[in-house]
K.L.:
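My questions all concern the structure below.
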Amino acid sequence: MEKLHVFNTLSRKKEEFIPLKEGFVGMYVCGPTVYGDAHLGHAKSYVSFDVIVRYFRYLGYKVRYVQNITDVGHLTDDADSGEDKLQKQSRLERKDPMEIAEHYTYTYFRDMDALHVLRPDISPRATGHIPEQIAMIEELIKKGHAYEVNGNVYFDVNSDSDYGKLSGRKLDEAESGTRVNTAGDKRNAADFALWKRADESHLMQWPSPWGPGYPGWHIECSAMSNKYLGKTFDIHGGGLENQFPHHECEIAQSECVHDTEFVKYWLHNNMVTLNGQKMGKSLGNAISLQQFFTGDHPLLTRSWKPQVIRFFLLQSHYRSTTDFSETALEAAETGLKNLMSILESIAQAGTPTAAAPFNLEGFKKTLESRMNDDFNTAMALAVLFENLKPLRAGILKGDIPENIAEVQSFVFRFVDEVLGLSVSGQAANADNDAAEKLDHALKLIIELRANARSSKDWSTADLIRDTLAQAGIRIEDGPNGSTYKLD
RNA sequence: GGCGACAUGGCCGAGUGGCUAGGCAGAGGUCUGCAAAACCUCGUACGGCGGUUCGAGUCCGCCUGUCGCCUCCA
């Protein structure tokens with residue numbers, strides 16, 4: 001595709017992306033509820049939107065990327081009877097809810113950093129925007145879209161004729177057969193809470209015009225997106241499971257307050273599954289990112305590097321489910337290693353020979369057309385392999401294209417800036433000083449082994465190679481001497 | 001029950017109606033003291049049954065199966 005197209009959940013079609021303001025993209029993505037460690041499902045979502053943001057920037061857009069931190073308001077159970085998740089966790093850990101929020105906000109960013117997920121430009125906390133949420137609720141009441149009962153405030157879904165436009169749900173359909181049976185003091189079972197009354201035992205509470213309480217889940221995103229992105233903005237993203245009710249409710253609140261379209265393009269990423277079942281915290285089958293990084297989980301036989309997780313996720317489309325298995329991770333790991341090895345060869349290409357130029361324009365165009373097609377990273381990776389493999393083969397033969405410098409700079413820019421895969425990952429992570437010392441030592445060992453080889457002392461040569469291999473250092477013999485690689 | 005997805009070769013996973021996706025694994029070969037790496041060659045897959053079409057994995061219908069949402073959830 002020549003121009004960027006995105007799949008818009010509102011229309012259920014791919015649409016050309018046209019920004020509200022030329023050159024700028026305002027984007028809001030639902031962030032985590034910080035009461036536990038982030039797992040592979042979070043990684044899929046945030047890696048997906050990370051690539052989307054990166055690609056917009058690559059295209060030259062100035063992006064304002066807002067991703068909230070939900071540190072209050074999610075209930076463990078039904079919207080009326082459940083306990084606040086943070087409050088529950090704080091009871092379990094015997095900590096203040098804010099300690100819980102702070103801790104898991106920290107681990108969230110720690111894990112996302114490891115995955116090379118760029119930090120959002122703004123990470124607003126729900127608890128930091130209580131006045132904004134209250135103001136919005138007051139406006140909804142004033143306009144007749146909300147009502148107060150006993151210190152609770154509910155949104156009146158019947159007051160909004162558009163309600164259901166995102167999820168394709170009609171109000172009367174939802175009434176029979178659902179498990180929503182707690183009408184409580186609501187006028188309509190489908191009405192949702194904007195503000196909840198808190199009793200004295202509730203740890204997180206704020207004063208409000210309706211008495212002490214705390215905000216409902218959906219209102220934070222409406223209030224904060226409005227504050228930082230305006231009444232209408234370009235893109236709202238999140239996990240597919242938030243389409244209803246969360247995003248539907250956001251639309252209702254925002255559009256009823258502002259009387260204008262809330263979001264132009266709704267993007268939803270699909271789930272990570274484990275044995276065909278959705279991976280989720282509350283389902284108890286989630287493997288946290290830390291557990292992947294350390295290998296400390298009954299379903300894991302070993303640890304997995306963040307980079308491998310990222311590459312694994314990039315190999316499938318963000319709107320497809322990603323089925324997790326260690327076999328699949330292993331395949332991704334080898335694939336990534338091979339890609340990196342190809343890139344290394346390209347990086348080390350010497351001065352150009354008389355070889356014909358590499359078709360950089362065509363390569364770039366193909367790559368961009370795949371990304372323009374709703375951010376098809378799986379395709380982009382295929383294009384990378386398809387084009388770079390022959391290039392490497394040529395380089396190894398000594399055919400170095402005259403435009404190698406441009407090729408190198410483009411390839412590295414794309415892989416690093418757009419895909420977020422760091423080419424010199426290992427080298428960059430290593431301690432430079434120690435690496436230098438190791439390099440000296442290995443050069444000596446390789447020289448001694450070369451002497452052994454020239455006197456056909458194969459047993460010594462093999463002993464050196466095998467022992468180093470066990471330590472994760474691979475010796476490879478080539479026509480111009482031996483080299484080593486760190487696993 | 002309502003709404004919505006998906007079913008692709010050993011595995012993962014793209015796919016705009018007609019030309020090889022790609023990755024991993026596997027087989028054979030070249031190179032090599034051996035190995036590794038690299039390079040070359042090799043797979044005609046699209047749940048089932050109909051239909052539209054000159055032509056369908058790709059469109060339509062039905063069936064079967066799996067999954068998601070309808071309750072917190074990336």
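In what follows, chains are A, B, ... by sequence order, proteins preceding strands, each numbered from 1.
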K.L.:
Base, sugar-phosphate or nothing for I475(A)? Non-hydrogen atoms, less than 4.0 Å.
P.N.:
base

K.L.:
Can you say whether a donor on the side chain of R465(A) sits under 3.5 Å from an acceptor on the base of C34(B), or the other way round?
P.N.:
yes

K.L.:
What does D466(A) touch in the nucleic acid at a heavy-atom separation under 4.0 angstrom: a base, only the sugar-phosphate, or nothing?
P.N.:
nothing

K.L.:
By nearest atom, which of the nucleotides A74(B), G13(B), C34(B) is closest to the S316(A) side chain?
P.N.:
G13(B)

K.L.:
With heavy atoms under 4.0 Å as the rule, sort Q243(A) into base, sugar-phosphate or nothing.
P.N.:
nothing

K.L.:
Counting heavy atoms from C-beta on, name the nucleotide in C12(B), A37(B), A14(B) closest to the side chain of E476(A).
P.N.:
A37(B)

K.L.:
Within the structure shown, what part of the strands sits under 4.0 Å from Q277(A) by heavy-atom distance: base, sugar-phosphate, or nothing?
P.N.:
sugar-phosphate

K.L.:
Is there a side-chain contact (heavy atoms from CB on, under 4.5 Å) between V6(A) and K14(A)? Walk through the geometry before answering.
P.N.:
CA-CA 5 Å; V6(A) 302; K14(A) 280 181 197 168; over 6 Å; no

K.L.:
So, H202(A) versus Y214(A), ring centres under 6.0 angstrom or not?
P.N.:
yes

K.L.:
Report the nucleotide, chosen from G23(B), C69(B), G13(B), that has the shortest atom-to-atom distance to any side-chain atom of A331(A).
P.N.:
G23(B)

K.L.:
Given D50(A), which partner from the list R119(A), H116(A), R310(A) fulfils the side chain to side chain donor-acceptor pair (under 3.5 Å) test?
P.N.:
R310(A)

K.L.:
Among the candidates G4(B), G15(B), G22(B), find the nucleotide nearest to the side-chain atoms of N376(A).
P.N.:
G15(B)

K.L.:
Counting any heavy atom closer than 4.0 Å, what does F49(A) reach on the DNA or RNA strands: base, sugar-phosphate only, or nothing?
P.N.:
nothing

K.L.:
Taking any heavy-atom pair under 4.0 Å as a contact, classify K389(A): base, sugar-phosphate, or nothing.
P.N.:
sugar-phosphate

K.L.:
Tell me which of R453(A) and R319(A) sits closer to the 5' end of RNA chain B, going by the nucleotide each one is nearest to.
P.N.:
R319(A)

K.L.:
State which of C72(B), A36(B), A38(B) makes the closest approach to the side chain of S282(A).
P.N.:
C72(B)

K.L.:
Scan side-chain atoms only and decide if N158(A) and Y163(A) contain a donor-acceptor pair under the 3.5 Å cut-off.
P.N.:
no

K.L.:
Compare the minimum distances between each of G33(B), G4(B), C70(B) and the side chain of R12(A), then state the nucleotide with the smallest one.
P.N.:
G4(B)

K.L.:
For nucleotides C49(B) and G57(B), find the distance between their P atoms and express it as a whole number of Å.
P.N.:
13 Å

K.L.:
Could you summarise the pairing of RNA chain B as dot-bracket text, marking Watson-Crick and G-U pairs under 3.5 Å with ( ) or [ ] inside the strand and | across strands?
P.N.:
(((((((..(((.....[...))).(((((.......)))))....(((((..]....))))))))))))....

K.L.:
Hey, does G238(A) reach any base, or is it just sugar-phosphate, or nothing, if we go heavy atoms under 4.0 Å?
P.N.:
sugar-phosphate

K.L.:
Ignoring backbone atoms, establish whether N242(A) has a side-chain N or O less than 4.0 Å from OP1 or OP2 of C69(B).
P.N.:
no

K.L.:
Would you indicate what S320(A) reaches in the nucleic acid, counting non-hydrogen atoms under 4.0 angstrom: base, sugar-phosphate, or nothing?
P.N.:
sugar-phosphate

K.L.:
Taking the minimum atom-to-atom distance to the side chain of E241(A), which one of C24(B), C69(B), G22(B) wins?
P.N.:
C69(B)

K.L.:
With respect to the phosphate group of C69(B), does any side-chain polar atom (N or O) of K278(A) fall under 4.0 Å of OP1 or OP2?
P.N.:
yes

K.L.:
Heavy atoms under 4.0 Å, any strand shown: does L396(A) hit a base, just sugar-phosphate, or nothing?
P.N.:
sugar-phosphate

K.L.:
Quick check on the 6.0 Å ring-centre criterion: do Y46(A) and Y108(A) meet it?
P.N.:
yes

K.L.:
Salt bridge check, K281(A) against D37(A): does any charged N sit closer than 4.0 Å to a carboxylate O?
P.N.:
no

K.L.:
Starting the side chain at C-beta, find the nucleotide from C24(B), A74(B), C34(B) nearest to N269(A).
P.N.:
A74(B)

K.L.:
Any side-chain N or O of T327(A) less than 4.0 Å from the OP1 or OP2 oxygen of C24(B)?
P.N.:
no

K.L.:
The side chain of A328(A) is closest to which nucleotide in this list: C24(B), C12(B), C69(B)?
P.N.:
C12(B)

K.L.:
Aromatic contact between H236(A) and Y265(A), with the criterion being ring centroids under 6.0 Å apart: yes or no?
P.N.:
no

K.L.:
Taking only side-chain nitrogens and oxygens of N338(A), does any of them come within less than 4.0 Å of OP1 or OP2 of G23(B)?
P.N.:
no

K.L.:
Using the closest heavy atom to pick a nucleotide of RNA chain B for each, name whichever of R392(A) or K14(A) lands nearer the 5' end.
P.N.:
K14(A)

K.L.:
If you check the H317(A) side chain, which of A74(B), G68(B), A14(B) turns out closest?
P.N.:
A14(B)

K.L.:
Aromatic ring centroids of H247(A) and H268(A) under 6.0 Å?
P.N.:
yes

K.L.:
Does V272(A) reach a base, just sugar-phosphate, or nothing at all? Heavy atoms under 4.0 Å.
P.N.:
base

K.L.:
At under 4.0 Å between heavy atoms, what does R370(A) touch on the DNA or RNA strands: base, sugar-phosphate, or nothing?
P.N.:
nothing

K.L.:
Please check if the distance between the ring centroids of F233(A) and Y228(A) is under 6.0 Å.
P.N.:
no

